[in-house]
Peer 1: 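Just passing along the structure, written as structure tokens.
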Amino acid sequence: MAASPAKRRHKVRRRADMSLLGGIRPPIAILSALLLSLAGITALGFGRAGEDSVPKAVMTSQQHFAEDGAVAMRASIDESAADLARTAGLFNAGDPAQPDAVVDKIGSVYQKWVGTAVVEISSGKMLAARGENVPVAAIDTAKLSEKDGLSPRMVRLANGETRLLSLELLSWEGQPQQLLIASSSLRFPGISLGKFRSIAVIDSTGRILSSDGIPESEQVLTEDQRTGVERSKKQLKAFAKVAAKRAEEHPLKANVPGEGGYMGVSGSLRGDTFQGDRAVAGYAALTGPEPGKGTVATSLGLTVVAMVDVAEDPTRVTDPLFGLLAAGALLLIGALAVGVLLGTVQRPLLRLFLESRRLTRGDLTRPVRVPRHGEAARIGESLERLRRQLLGERADSDAAGAGRRGRIGARALLVVCGILLLVWSGPMLLLVNRADATAVVPEQITNDQRERTDTLSDRVRRSLNEGHADLVSVAGLLGERTSPEDMTKVLDRTRNEHARYRSLYVRAADGTILARSGESPRLSDEPKDGAKDGGKDAGKDGGKDGRPFADDITVLNDSGTEPVIASYAELSGRDGSTVVGEFRIDFINSLLKRPGLGEIRVIDAERRVLGGNSGYLAFEHLPSARLDELAAGTGQKTGISARAGAVVYRDGDGVQVAGAAPFVGGGAAKSLNWMVVSWQPAAGLAIPEYNLQNRTVLAGLLGITAAAACLGWLHIIVVRPLREVAKQAESLAGGDRRTVLYPRHHDEVGAIARSLELLRQQVLEQRKRDGAGATTAPADVPAQAPVQAPAGRN
């Protein structure tokens with residue numbers, strides 16, 4: 001049963017709608033929209049690449065500096081609490097000790113506390129004290145048994161300074177319980193501030209507990225300097241209030257998504273200007289080393305604020321003219337490319353669609369308007385030949401004129417449009433606004449690279465010194481009557497409390513291992529001859545008087561997959577026996593994982609790599625000669641000791657900021673003469689020139705992506721089916737009546753294929769009618785012989 005006219009109209013309308021969704025119009029329209037959007041982004045975005053007089057890289061660097069301070073403060077507080085707890089545990093495990101002996105032992109091993117005291121809990125009597133007066137009156141001994149009664153607490157002294165009190169119990173059977181108290185200041189251990197930076201620790205209310213870097217008014221000479229000091233104090237207090245408020249936020253909400261690095265709340269602040277300098281600050285709340293894991297330090301609610309004055313450069317603002325010119329050029333090139341697609345691909349295809357529909361409806365009076373070039377011309381010629389065939393002409397009568405149109409196809413036109421768009425996108429991606437030759441690295445970035453590297457160097461040195469101090473503390477409690485079983489218990493407890501050791505063991509003078517905890521020792525069982533003589537090899541495998549090696553801390557090997565770093569402390573009363581601790585190289589590497597410093601390496605006195613924050617080979621040299629020269633120059637003493645240095649390199653590899661800092665300070669690690677070297681490409685810093693380069697590259701990538709996506713869409717959905725339809729149309733017009741034409745998509749090309757199929761069926765019906773008329777012709781009129789089609793065409 002034939003469909004009604006209304007249903008046929010509905011079906012035609014639905015097919016027309018489908019052609020709009022999947023035909024030639026959507027990719028061209030989307031390409032136009034994308035190019036317009038990209039032009040707008042280009043015009044508006046390039047002017048913002050350097051509009052801040054203080055680059056974002058400087059602000060981010062202050063944030064990282066505050067994070068370094070927070071990490072150092074948290075590690076110092078936690079290390080002090082752990083050392084006091086471990087020392088008290090070792091005393092409790094041995095025979096009862098006199099209070100004076102306890103505080104003397106703590107003072108001789110650790111120099112981190114400003115005051116120590118031992119108090120009898122039941123009577124409140126002071127039994128022993130060393131150093132600064134400990135504010136014992138601030139401790140309520142009646143509440144020590146309550147929950148968190150022994151937690152560290154902060155006490156404000158009469159002079160305004162704040163002290164952190166750590167508490168531990170001393171308990172021996174048959175004696176009154178005693179309270180061990182250690183008082184420490186909230187000053188930063190080993191933070192290199194430079195000349196113009198100040199740093200402070202604040203509590204949860206924004207009150208400054210301790211600060212460093214701002215001189216007192218009486219320490220400066222001129223009135224301008226006094227005004228600057230007062231302004232700095234006022235600005236630091238303002239920063240402290242804001243930082244304390246922001247520190248209360250959740251880290252996932254407070255930190256910028258995607259920046260990563262620090263797990264706590266951190267950020268940067270912008271202050272007022274003074275004599276052309278802008279005050280900027282970074283802040284960071286103390287957080288644990290692992291997500292969701294609190295420590296003694298994190299329970300105090302402290303936040304670190306680091307402030308520095310940065311010279312503003314009002315000329316460092318990008319001219320928006322480049323963005324306008326680039327956007328105008330994109331509009332011209334895009335209009336030309338879209339015009340080519342509209343005039344040479346879309347319009348001829350739509351015209352063919354209408355012509356093919358006209359022929360299928362039986363309108364054969366007017367010739368087909370044949371396009372000039374490409375597949376559309378081939379299909380138009382084929383439709384004209386089919387029209388003439390339906391009017392009674394022979395199929396081979398016009399074969400000689402077929403294919404006379406130009407052969408510039410739609411695929412070539414897409415290539416032309418792609419080249420036009422590449423003319424704009426290619427230079428943006430590869431040539432325009434290259435920053436390596438013009439980038440100005442702010443001086444503050446270079447200073448921060450130096451100071452942060454110096455801070456990191458001091459942190460590694462202090463960690464090694466802390467490890468040696470632990471061994472000294474353990475050795476002081478292992479007497480000549482201590483059994484190997486008790487030694488093993490002490491070693492196990494020490495290794496479990498500190499993750500820095502891979503192995504702890506007690507070694508006799510002849511190399512025999514008396515007790516061990518952890519992995520197998522890597523120290524040779526027998527000292528070498530050089531060790532006995534105190535010669536050249538003494539620093540490696542042995543020292544005088546039966547010591548395992550000459551220095552307190554040394555590297556036991558000079559080759560292999562990882563360095564073996566060891567320290568020792570002598571046991572009293574055991575004829576040269578020592579406690580030896582071998583450090584985990586992963587522990588040292590974990591200290592180097594700080595964001596914003598790039599690649600970091602720890603090198604020895606011969607400038608061989610011992611550790612790093614990323615992939616490296618042990619005992620290899622630095623990756624470039626210029627870094628080796630920087631390390632050699634920084635290692636030279638200027639005055640009493642060597643000083644940290646930083647430099648900006650410019651060469652064929654781009655711009656690079658590098659810093660180096662030797663071990664400076666006392667302790668067992670001083671003799672190592674190690675150094676920390678860091679370097680990073682300036683291209684990774686958020687400075688105006690590289691911001692402009694990155695945005696230029698992004699614009700080029702977006703242009704190439706838009707062109708590839710839309711032109712590729714056109715090629716797959718339109719051009720490839722169109723080429724197939726052109727081939728089938730020529731075959732049909734040439735006499736192929738058996739091949740059925742199927743549309744690939746419900747679009748304009750598919751509609752043309754359906755029309756060709758209808759025309760094929762009409763030609764077949766016409767042949768049948770002509771054949772039937774020839775068989776019933778009158779006898780006196782000879783019938784015309786049927787036209788023989790070429791072989792393979794029927």
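What you are looking at is a predicted structure, and each value in this text was computed from that prediction instead of being measured. In what follows, every heavy atom counts, from backbone to side chain, and hydrogens, waters and symmetry copies are set aside.
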Peer 1: When rounded to the nearest 0.5 angstrom, what distance separates CD in Glu629 from CZ in Arg607?
Peer 2: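 Separation between the atoms: 9.5 Å.
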
Peer 1: Please check: side-chain N/O of Arg650 versus main-chain N/O of Ala439, any donor-acceptor pairing under 3.5 Å?
Peer 2: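 The answer is yes, because a donor-acceptor pair under 3.5 Å joins these two groups.
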
Peer 1: Does any donor atom in the side chain of Asp448 or Gln62 lie under 3.5 Å from an acceptor atom in the other side chain?
Peer 2: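 There is such a pair between these side chains.
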
Peer 1: Should the pair Asp458-Arg462 be classified as a salt bridge under the 4.0 Å nitrogen-to-oxygen rule?
Peer 2: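 Salt bridge: yes.
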
Peer 1: Would you name the heavy atoms of Val677 and Ala631 that are closest together and state the gap between them?
Peer 2: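 Shortest heavy-atom contact: CG2-CB, 4.3 Å.
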
Peer 1: What do the steps show when you test Tyr262 against Thr287 for side-chain contact (heavy atoms from CB on, under 4.5 Å), and what is the final call?
Peer 2: CA-CA 9 Å; Tyr262 195 68; Thr287 186; 3.5 Å; yes

Peer 1: Check this for me, if you would: do Asp309 and Arg231 make a salt bridge, where the nitrogen-to-carboxylate-oxygen distance has to be below 4.0 angstrom?
Peer 2: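 Answer for the salt bridge query: yes.
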
Peer 1: With side chains defined as the heavy atoms from C-beta onward, is the minimum distance between Ile565 and Phe587 less than 4.5 Å?
Peer 2: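 No, every pair of side-chain atoms sits at 4.5 Å or beyond.
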
Peer 1: Does the Lys NZ or Arg CZ of Arg197 fall within the cation-pi geometry relative to Phe65 - under 6.0 Å from the ring centre and within 45° of the axis?
Peer 2: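 Judged by the rule, Arg197 and Phe65 form a cation-pi pair.
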
Peer 1: Would you confirm whether Asp628, through its side chain, and Leu622, through its main-chain N or O, come within 3.5 Å as a donor-acceptor pair?
Peer 2: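 Flag not set: sc Asp628 to bb Leu622 has no pair under 3.5 Å.
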
Peer 1: Which value, rounded to the nearest 0.5 Å, describes the distance between Leu430 atom CG and Thr696 atom OG1?
Peer 2: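 Answer for the CG-OG1 pair, Leu430 versus Thr696, is 11.5 Å.
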
Peer 1: Can you check whether Val58's main-chain N or O pairs, donor with acceptor, with Gln444's side chain at less than 3.5 Å?
Peer 2: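 Here the side-chain-to-backbone pair does not exist.
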
Peer 1: I need the minimum non-hydrogen distance between Arg187 and Ser210, along with the two atoms involved.
Peer 2: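 Nearest pair, atom of Arg187 first, then Ser210: N-OG, 4.3 Å.
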
Peer 1: Taking atom OG1 of Thr60 and atom CG of Leu685, what is their separation to the nearest 0.5 Å?
Peer 2: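 So the OG1 of Thr60 and the CG of Leu685 are separated by 9.0 Å.
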
Peer 1: About how many Å separate OH of Tyr616 and CD of Glu599, when rounded to the nearest 0.5 Å?
Peer 2: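 Reported value, rounded in 0.5 Å steps: 12.5 Å.
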
Peer 1: Output the distance between atom CZ (Arg461) and atom CG (Leu456), rounded to the nearest 0.5 Å.
Peer 2: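 Rounded to the nearest 0.5 Å, the CZ-CG separation comes out at 12.5 Å.
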
Peer 1: For the backbone of Asn613 and the side chain of Lys593, can you confirm whether one donor and one acceptor N or O come within less than 3.5 Å of each other?
Peer 2: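 Present.
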
Peer 1: Can you tell whether the side chains of Glu79 and Arg500 come within less than 4.0 Å, N to carboxylate O?
Peer 2: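 Result for this pair is yes, salt bridge flagged.
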
Peer 1: Do Arg163 and Glu132 meet the salt-bridge criterion of a basic N to acidic O distance under 4.0 Å?
Peer 2: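 Counted as a salt bridge, because a side-chain N and a carboxylate O are separated by less than 4.0 Å.
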
Peer 1: Any side-chain heavy atom of Asp83 sitting closer than 4.5 Å to one from Lys112?
Peer 2: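 They are in contact (side-chain heavy atoms under 4.5 Å apart), so the answer is yes.
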
Peer 1: Can we say Arg226 and Glu223 salt-bridge, meaning some charged N sits less than 4.0 Å from an Asp/Glu carboxylate O?
Peer 2: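 Result for this pair is yes, salt bridge flagged.
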
Peer 1: Testing the 3.5 Å rule here: is there a donor-acceptor pair between the side chains of Ser266 and Gln63?
Peer 2: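 A donor-acceptor contact under 3.5 Å links the two side chains.
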
Peer 1: Test your reading of the model: is there a side-chain donor-acceptor pair from Asn589 to the backbone of Gly612, 3.5 Å cut-off?
Peer 2: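 Present.
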
Peer 1: Given Ile199, which partner from the list Leu193, Val305, Ile214 fulfils the side-chain contact (heavy atoms from CB on, under 4.5 Å) test?
Peer 2: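 Passing option: Leu193.
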
Peer 1: Assess whether side-chain contact (heavy atoms from CB on, under 4.5 Å) is satisfied between Ser457 and Phe663, documenting all intermediate values.
Peer 2: CA-CA 6 Å; Ser457 174; Phe663 278 12; 3.2 Å; yes

Peer 1: Quick check: does any side chain N or O of Tyr501 sit under 3.5 Å from a backbone N or O of Gly467, one acting as donor and the other as acceptor?
Peer 2: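 Side chain of Tyr501 to backbone of Gly467, a donor-acceptor pair under 3.5 Å: yes, one is there.
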
Peer 1: Counting N and O atoms only, with roles assigned by atom type, does the side chain of Ser76 sit under 3.5 Å from a partner on the main chain of Ala72, one being a donor and the other an acceptor?
Peer 2: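 Flag not set: sc Ser76 to bb Ala72 has no pair under 3.5 Å.
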
Peer 1: Quiz question: by atom type and distance under 3.5 Å, do the side chains of Asp78 and Thr295 form a donor-acceptor pair?
Peer 2: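 Result is yes, a qualifying pair exists.
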
Peer 1: Could you pull out all residues at least two apart from Tyr649 that satisfy ring-ring contact (aromatic ring centres under 6.0 Å, His included)?
Peer 2: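 In terms of ring-ring contact (aromatic ring centres under 6.0 Å, His included), with neighbours along the sequence ignored, Tyr649 is linked to no residue.
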
Peer 1: Would you compute the distance between atom CG of Asp604 and atom CG of Leu672 and round it to the nearest 0.5 angstrom?
Peer 2: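 The CG atom of Leu672 is 9.5 Å from CG of Asp604, to the nearest 0.5 Å.
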
Peer 1: So among Ile202, Leu302, Thr303, Leu164, which one has a side-chain contact (heavy atoms from CB on, under 4.5 Å) with Leu209?
Peer 2: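 With Leu209 as partner, side-chain contact (heavy atoms from CB on, under 4.5 Å) holds for just one option, Leu302.
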
Peer 1: Using a strict cut-off of less than 4.0 Å between a Lys/Arg side-chain nitrogen and an Asp/Glu carboxylate oxygen, indicate whether Asp203 and Arg207 qualify as a salt bridge.
Peer 2: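 A salt bridge is present here (some side-chain N lies under 4.0 Å from a carboxylate O).
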
Peer 1: Under 3.5 Å, side-chain donor or acceptor atoms of residues 232-241 against the rest of the protein: list the pairs with distances, not counting sequence neighbours.
Peer 2:
unit_1, atom_1, unit_2, atom_2, d
Ser232, OG, Gly228, O, 2.9
Lys233, NZ, Glu216, OE1, 3.3
Gln235, OE1, Asp272, N, 3.1

